[in-house]
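Okay, so here's the structure we're looking at.
Residue numbering restarts at 1 for every chain, and letters A, B, ... go by the order of the sequence lines.
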2 protein chains.
Amino acid sequence: MGRTKLYDPQVALSAIKEQFWANGFEGTSLHDLEVATKLPKQTLYREFGDKHQMYLKALGDYERTEIREAAKILSAESDARGAFQALFDAIINEVEGNNDRRGCFLCNASADRTSIDQEIGLQVVAMLDRWRKTFQTALGPAPQSKELSDVLLAGYIGFRILARAGLSAPQLRAIAGQLLNIIPTRSR
Amino acid sequence: MGRTKLYDPQVALSAIKEQFWANGFEGTSLHDLEVATKLPKQTLYREFGDKHQMYLKALGDYERTEIREAAKILSAESDARGAFQALFDAIINEVEGNNDRRGCFLCNASADRTSIDQEIGLQVVAMLDRWRKTFQTALGPAPQSKELSDVLLAGYIGFRILARAGLSAPQLRAIAGQLLNIIPTRSR
DNA sequence: TAAATTTGTTACCGTTGGGTAACGAATGAG
DNA sequence: CTCATTCGTTACCCAACGGTAACAAATTTA
């Protein structure tokens with residue numbers, strides 16, 4: 001029924017995500033999205049709905065890709081501190097190698113739309129809690145793993161915000177090192 | 001020379017700050033600023049320059065007022081952990097009492113404009129470092145006060161982002177409590 | 001092959017965006 | 001009192017904004 005799409009919706013959504021990630025909601029225009037996806041906005045509206053829904057779906061895609069990727073890094077290491085070390089290293093390497101200053105889309109969204117758009121706020125809070133649970137899992141059966149994951153989540157968000165703000169890689173490395181000290185050794 | 005102003009530039013700047021604080025750079029229109037300041041934009045341009053400069057001056061005013069206020073809270077307590085406890089309590093009380101979800105303007109700005117506008121980025125980084133130094137001062141002559149202030153800054157930013165995202169007061173209280181545990185007792 | 005459906009394209013809509021020009025009213029300095 | 005200066009107000013500018021309508025080309029199902 002009907003003609004087949006000449007574009008890949010998943011590729012388009014990924015491009016949309018990149019734009020919102022780098023420039024925020026208000027900082028991204030439909031024209032920007034047209035250029036990024038190489039699709040006319042008519043197609044974007046038909047495929048994804050309005051800008052608000054595009055943002056929500058971009059957040060969903062972020063969780064599906066980047067956050068899963070981070071979870072994989074976390075679970076690859078055998079001890080908790082090493083796991084988080086690997087996570088921070090990966091982020092700092094992105095900053096150093098590609099001068100990637102986008103930060104974390106979820107963290108940016110928390111500062112951006114949540115206090116204005118209620119629906120986005122709810123989704124962000126839900127994603128943040130799943131993110132925290134990912135941390136908790138990586139901490140293993142340590143006592144107080146819930147409390148530890150709380151403080152690590154706060155530290156992680158701050159770390160990524162500071163990376164976006166433009167702190168140098170050595171500065172970030174120092175902060176990451178201090179954050180790791182929060183994690184008790186031999187906790188897994 | 002010339003006629004005297006019928007408005008108070010300081011009051012106007014404070015209103016501008018409130019707007020950028022709540023809604024970000026792109027989320028704030030000149031019309032919003034006209035309404036908030038009760039001044040026509042012609043006057044705003046003459047007084048403060050373009051939108052970019054208004055934002056920079058709003059950030060400056062934030063440091064002059066809110067951050068000084070926080071520094072006062074920090075210095076009022078005799079021990080380091082009590083000082084930060086007082087700071088977090090003040091923030092949580094604002095959330096509970098007035099449902100203040102604006103978060104920290106400096107933290108929001110870090111996620112908002114820094115990776116796009118270089119000049120703002122530089123100012124934000126400078127302000128963040130002064131903010132960290134404020135933390136370091138509050139920590140007193142503890143060993144590793146520099147490193148401790150780094151991790152506390154990251155935790156503080158994450159905490160305020162989470163508050164803006166909409167976490168409940170009890171959740172915030174739990175996180176704040178965990179952050180305080182980072183600070184060694186009797187460190188001052 | 002016929003019909004229904006969904007595509008890609010073009011054009012358009014009204015609103016709002018940031019920013020500026022022009023000008024009379026007011027008030028300071030000399 | 002005079003005059004240069006700075007005020008407040010009105011009007012305007014054009015580009016960009018998010019969003020929609022209309023339609024022909026294409027393609028799958030029946």
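Between A:L33 atom CG and D:dA16 atom P the separation is 16 Å, expressed in whole Å. Between the CG atom of B:L44 and the P atom of D:dG8 there is a distance of 10 Å, rounded to whole Å. Between the CD atom of A:Q19 and the P atom of D:dC17 there is a distance of 12 Å, rounded to whole Å.
In terms of polar N and O atoms assigned as donor or acceptor, the side chain of A:R3 never comes within less than 3.5 Å of the base of C:dT6 in a complementary pairing.
Remark: A:K57 does not engage A:D61 in a salt bridge, criterion side-chain N to carboxylate O under 4.0 Å.
Residue contacts shown for A:L6 are limited to sugar-phosphate atoms, with no base heavy atom under 4.0 Å away.
More than 12 heavy-atom neighbours from other residues, nucleotides or ligands sit within 6.0 angstrom of NE2 on A:H52. The 12-atom threshold is exceeded at CD of B:Q10, counting heavy atoms of other residues, nucleotides or ligands nearer than 6.0 Å.
Not counting sequence neighbours, the partners of A:R130 by the salt bridge (Lys or Arg N to Asp or Glu O under 4.0 Å) test are A:E63.
B:I157 is connected to B:I67 through a chain of hydrophobic side-chain contacts under 4.5 Å among Ile, Leu, Val, Met, Phe, Trp and Tyr, so both are in one cluster.
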B/S/- along nucleotides 15-22 of chain C (protein heavy atoms under 4.0 Å) is --SBBBB-

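The stretch residues 166-175 of chain B participates, sequence neighbours left out, in these side-chain hydrogen bond (donor to acceptor under 3.5 Å, both in side chains) pairs: B:E96-B:R173, B:S168-B:Q171.
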